[in-house]
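To keep things clear, I will list the structure first and then write my remarks on it.
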Amino acid sequence: MSYSTPSYGSGSSSWGSSGYDGCVQQCIASFGTPATYAPTATSGSSGSTGTGSTITVVVAPTQGVLRYVPFAVNASVGDTIKFMWGANNHTVTKSSELTPCNKTSDAPFASGEQNQSFVFTQVVNDTNPTFFYCGTPTHCEKGMFGIINPPSALDAPTSVAGMMSAVVSNDTSGDLATYASYTSNQTSGSAGANWGANIDMSNMPSWAYDAVVENVMFTRNVLAMNPDIMNADGSVNLASIGSTPMMVPPDVGSALNAASSPSSDSSSASTASSVATSSASSASSTSSPVGASSTNGAMSITSSKALVGAVVLAVTFFAL
């Protein structure tokens, strides 16, 4: 089974005086703007080191982004995984494939809750899949887990590529479809557009499918913004981020999820409505895309989550 991202129209990049880039900037502002991550002076460290290569994983590159970057890494016995904190109040705790958000008793490791600039290292003792997560309450449930030596299934129906279509279709909220469209647009032509496609999800719990897909898409967006950190074999090398800060894309998945919370309804709806109005105004100065309706129902949307989703789709629509 292969996944094909739907196309939303041909669009036009002629946006008059405001410019297409201006519209995109306003749209992105509704769910977060790109940030940067660069290591700072180490505030503390713990763990073990090996004799092989050192592979860096960033723990929450910016405050509020509940992701490990990259989501998955491949390592050999004797290599060291170097976890570098980009934000406060996160852990690196070993879990398992069957229970990604629960601490395991099988050769466990745990950093404890740490803050920005902390470093935690772990030696790779075997090449079996090793899962880890953030033990801060609710973080893992929101998708903050990662994998060392992820299970692989090339072109298999249980791989990320093989299950993507079904996972997206089964998400009744529409968030994954929105995120997939955004990611497809942002990573078009990028070497990392298919990163993570062979990760095997057959032994993972079904509730984790959405989180795996979101994490893969987030890493793909990171690679699109930072093409130099991807090696020819598809691995991610963060050795250069000390001299060249890593660009961090907005976490669209988290923004869509946050938009559904009651506390965010008013502000999110206001922001998204303003953006949608501005986008519509800019678009009206040029010819409409083929098949577009002058009454598309956007003004009748009352859910902030739907508004944010519509804005993201608008970015994709007019960029194609």
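Just so it is clear, the values below take in all heavy atoms, side chains as well, and ignore hydrogens, waters and symmetry mates.
- Considering only heavy atoms from C-beta on, T36 stays 4.5 Å or farther from V248 through its side chain.
- Between C134 and C140, the two SG sulfurs stay at or beyond 2.5 Å from each other.
- Looking only at side-chain heavy atoms (C-beta outward), H90 and L66 come within less than 4.5 Å of each other.
- A heavy-atom distance below 4.5 Å is found between the side chains of Y182 and N221.
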*Test side chain to side chain contact (heavy atoms under 4.5 Å, CB included) applied to R67 and E214, step by step*: CA-CA 10 Å; R67 307 287 180 194; E214 280 195 9; 2.8 Å; yes
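- For the 3.5 Å distance criterion, the side chains of T99 and S96 qualify, holding a donor opposite an acceptor.
- How far CG of N194 is from CG of L223: 11.5 Å, rounded to the nearest 0.5 Å.
- S235 and D233 share a donor-acceptor pair across their side chains, judged by distance under 3.5 Å alone.
- Remark: the backbone N or O of G44 is not paired with any side-chain donor or acceptor of T42 at under 3.5 angstrom.
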*Step by step, work out the ring pair (Phe, Tyr, Trp, His ring centres under 6.0 Å) result for F83 and F132.*
CA-CA 11 Å; F83 296 95; F132 56 89; 5.1 Å; yes
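- Put simply, CG on N226 and OG1 on T244 are 9.5 Å apart, with the number rounded to the nearest 0.5 Å.
- Formation of a donor-acceptor pair under 3.5 Å by the N170 side chain with backbone atoms of A166 is found in this model.
- A distance of 6.5 Å separates OG1 in T130 from CZ in F109, rounded to the nearest 0.5 Å.
- Across T91 and G135, no two heavy atoms sit closer than the pair OG1-N, 2.6 Å.
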*Should D171 and S173 be marked as a side chain to side chain donor-acceptor pair (under 3.5 Å) after you check the CA-CA gap, both sets of side-chain angles, and the distance that decides it?*
CA-CA 5 Å; D171 175 34; S173 70; 2.8 Å; yes
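- Using a 4.5 Å heavy-atom cutoff, the side chains of N88 and Q63 are in contact.
- Side chains of Q122 and S48 form a contact here, defined as non-hydrogen atoms less than 4.5 Å apart.
- Placement of I199 and Y68 in two distinct hydrophobic clusters is found when ILVMFWY residues are connected by side-chain heavy-atom separations under 4.5 Å, directly or transitively.
- Between the CD1 atom of I81 and the OG1 atom of T121 there is a distance of 10.0 Å, given to the nearest 0.5 Å.
- Residues N203 and P129 form no side-chain contact, since every pair of their non-hydrogen atoms from C-beta on lies 4.5 Å or further apart.
- For the residue pair E113 and T136, a side-chain donor N or O sits within less than 3.5 Å of a side-chain acceptor on the partner.
- A distance of 6.0 Å separates CZ of F118 from CH2 of W85, quoted to the nearest 0.5 Å.
- At least one side-chain heavy atom of Y179 sits under 4.5 Å from a side-chain heavy atom of D251.
- A donor-acceptor pair under 3.5 Å links the side-chain atoms of N115 to the main chain of N89, judged by distance alone.
- Here the CE atom belonging to M84 is positioned 5.5 Å from the CD1 atom belonging to I241, to the nearest 0.5 angstrom.
- In this model, a donor atom of one side chain and an acceptor atom of the other lie less than 3.5 Å apart for T158 and D200.
- Taking Ile, Leu, Val, Met, Phe, Trp and Tyr as hydrophobic and joining them when side-chain heavy atoms fall under 4.5 Å apart, one finds W207 isolated, its cluster having no other members.
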